[in-house]
Amino acid sequence: MSDPRLPVKAADRTSSGTADEASDPNFMTSLARGLSVIRAFTEREPNLTIADIAKITGLPRAAARRCLLTLMQLGYAGSDGRTFHLKPKILALGYSFLSSAPLATILDPLIEQVSGVVQESCSAAVLDEDDVVYIARAATKRIMSVGLNVGSRLPAYCTSMGRVLLAAMPEAELDAYLARVPLKPFTERTITATDALKRELERVRDRGFSLVDQELELGLRSIAVPISTAAGGVIAAMNVSAQAARVTCPEMEVQFLPRLQHAAEEARVLLVRSRGL
């Protein structure tokens, strides 16, 4: 399948900045540039040249070079003399979030439990900008051509967790999302018409879950439910993914949906107890 990673969004504003950022004396362009450089590295592209970084981020080569050299001096990046790569120290940045995020802490054992029972990969994600970002994952086997781990990002519009989160958006926010996000096809099954996607999201709201059949990658099916607060606000989503050759859509609803719904209810109760959400 095509690489689902979206362009490094920070790069769209690192060179000149948006109008709001340019007028904001508190906005640090250098920090934004450094973060965009970090995000340029992926599983498929773990080693990048300065030219690669400049192309991916949209930064001038000189700026990309300064960011990389700074990351090297701080121990977050290394180099073989031609290409650059991230070093294990970079994990400390993600750990700071996970260790301070009650949601990830609560969901992790629930994800492991569901995965162990159904013997399929189970994940949890939140919406960040226009993507879903994985905050917990238990994988029984690799079922996608792209490896998924905590911190991985996928488009919201063609993923089960993304649709659950989009369906919970206020109408104005959803319209804004649909207006700015290009609905590109990842397979011939991907919904790419705005009206059709809106109808599907209405169906997700009515049913209380989303089932995506091979829209992100051929051979992959996924079913997701929302994770809600006591007040009913949706703050995350949880899914089970499986190979289409092994499990039909009706079987996913029968075998996986009740387990997901039970785990989501447990998460809601635990969130109330731990944080009063």
Sequence-distant partners of H262, side-chain hydrogen bond (donor to acceptor under 3.5 Å, both in side chains), two or more places apart: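 Checked H262 against side-chain hydrogen bond (donor to acceptor under 3.5 Å, both in side chains); matches are E266.
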Contacts of S30 that satisfy side-chain hydrogen bond (donor to acceptor under 3.5 Å, both in side chains) - sequence neighbours left out: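 Partners of S30 under the side-chain hydrogen bond (donor to acceptor under 3.5 Å, both in side chains) test: none.
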What closest approach, in Å, do [X] and [Y] show between heavy atoms, and which atom pair accounts for it?
X	Y	answer
I111	A136	CG1-CB, 4.0 Å
A40	L48	O-CD1, 3.7 Å
M161	A237	SD-O, 3.5 Å
A124	L107	CB-CD1, 3.6 Å
E265	R268	OE2-NH2, 2.7 Å
S115	C122	CB-CB, 3.9 Å

Donor-acceptor under 3.5 Å ([X] side chain, [Y] main chain):
X	Y	result
Q113	L110	no
Q119	G116	yes
T187	L218	no
R137	D108	no

All pairs passing salt bridge (Lys or Arg N to Asp or Glu O under 4.0 Å) where residues 228-244 contributes a residue, at least two apart: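 As it turns out, there is no salt bridge (Lys or Arg N to Asp or Glu O under 4.0 Å) pair with a partner in residues 228-244 once direct neighbours are skipped.
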Provide the full list of salt bridge (Lys or Arg N to Asp or Glu O under 4.0 Å) pairs with a residue in residues 154-168, sequence neighbours left out, each pair given once.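 The answer is R163-E215.
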Say whether M28 and L35 are linked into one hydrophobic cluster, either directly or through other cluster members, by side-chain heavy-atom distances under 4.5 angstrom.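 Yes, because M28 and L35 connect within a single hydrophobic cluster, where side-chain heavy atoms sit under 4.5 Å apart.
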Taking a hydrophobic cluster as the set of Ile, Leu, Val, Met, Phe, Trp and Tyr residues connected by side-chain heavy atoms closer than 4.5 Å, whether directly or through intermediates, do V212 and I223 fall within one such cluster?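 No, V212 does not connect to I223 through the hydrophobic network.
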Could you point out which residue of V225, L260, N239 forms a side chain to side chain contact (heavy atoms under 4.5 Å, CB included) with F209?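 Answer to the side chain to side chain contact (heavy atoms under 4.5 Å, CB included) test with F209 among V225, L260, N239: V225.
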V126 and side chain to side chain contact (heavy atoms under 4.5 Å, CB included): which single residue from D131, I227, I135 fits?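 Going through the options one by one, the only one that passes is I135.
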I'd like to know whether Y157 forms a side chain to side chain contact (heavy atoms under 4.5 Å, CB included) with V181, so could you lay out the CA-CA distance, the side-chain angles of the two residues, the decisive distance to 0.1 Å, and finally the verdict. CA-CA 9 Å; Y157 67 90; V181 175; 4.2 Å; yes
Checking [X] now: which residues fulfil salt bridge (charged side-chain N to carboxylate O under 4.0 Å, His left out) with it, not counting sequence neighbours?
X	result
E112	none
R199	none
D213	R189, R221
E200	R203

Sole residue of R259, Q243, R246 in side chain to side chain donor-acceptor pair (under 3.5 Å) with E120: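 When side chain to side chain donor-acceptor pair (under 3.5 Å) is applied between E120 and each of R259, Q243, R246, only R246 qualifies.
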Those residues that, when tested against D80, pass side-chain contact (heavy atoms from CB on, under 4.5 Å) (two or more places apart):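 With sequence neighbours excluded, D80 shows a side-chain contact (heavy atoms from CB on, under 4.5 Å) to R82, T83, given in chain and number order.
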Test of understanding: with side-chain contact (heavy atoms from CB on, under 4.5 Å), list the residues that count as partners of A156, not counting sequence neighbours.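 A156 satisfies side-chain contact (heavy atoms from CB on, under 4.5 Å) with L127, V132, L166, Y177 only.
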With a 4.5 Å limit on heavy-atom distance, are the side chains of [X] and [Y] in contact?
X	Y	value
D130	R180	yes
P155	F186	yes
I53	F41	yes
M238	S123	no

Is a donor from one side chain sitting under 3.5 angstrom from an acceptor on the other, for S210 and S160?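 Absent: no donor and acceptor within the cut-off.
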Ignoring hydrogens and geometry beyond distance, is a side-chain donor-acceptor pair present between T49 and D52 at under 3.5 Å?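 Distance-only check passes for T49 and D52.
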If I take atom [atom1] from residue [X] and atom [atom2] from residue [Y], how far apart are they, to the nearest 0.5 angstrom?
X	Y	atom1	atom2	result
S222	L154	OG	CG	10.0 Å
E202	L174	CD	CG	9.5 Å
L178	L183	CG	CG	6.5 Å

Working note: E45 + I56, criterion side chain to side chain contact (heavy atoms under 4.5 Å, CB included); need CA distance, chi angles, decisive distance, verdict. CA-CA 11 Å; E45 298 173 303; I56 293 169; 4.1 Å; yes
Pair K198 + D175, salt bridge at N-O below 4.0 Å: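 The answer is yes: the pair qualifies as a salt bridge.
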Can R207 and E253 be counted as an ion pair, charged N to O under 4.0 angstrom?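 E253 and R207: salt-bridged.
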Under the 4.5 Å side-chain heavy-atom rule for ILVMFWY, direct or indirect, which residues accompany V204?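 Via sub-4.5 Å side-chain contacts, V204 links to V164.
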Result block: side-chain N/O donor-acceptor pairs under 3.5 angstrom for residues 58-77, not counting sequence neighbours:
residue	atom	partner	partner atom	Å
T70	OG1	R66	O	2.8

Take atom NZ in K87; do more than 12 heavy atoms of anything else shown fall under 6.0 Å from it?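 12 or below, so no.
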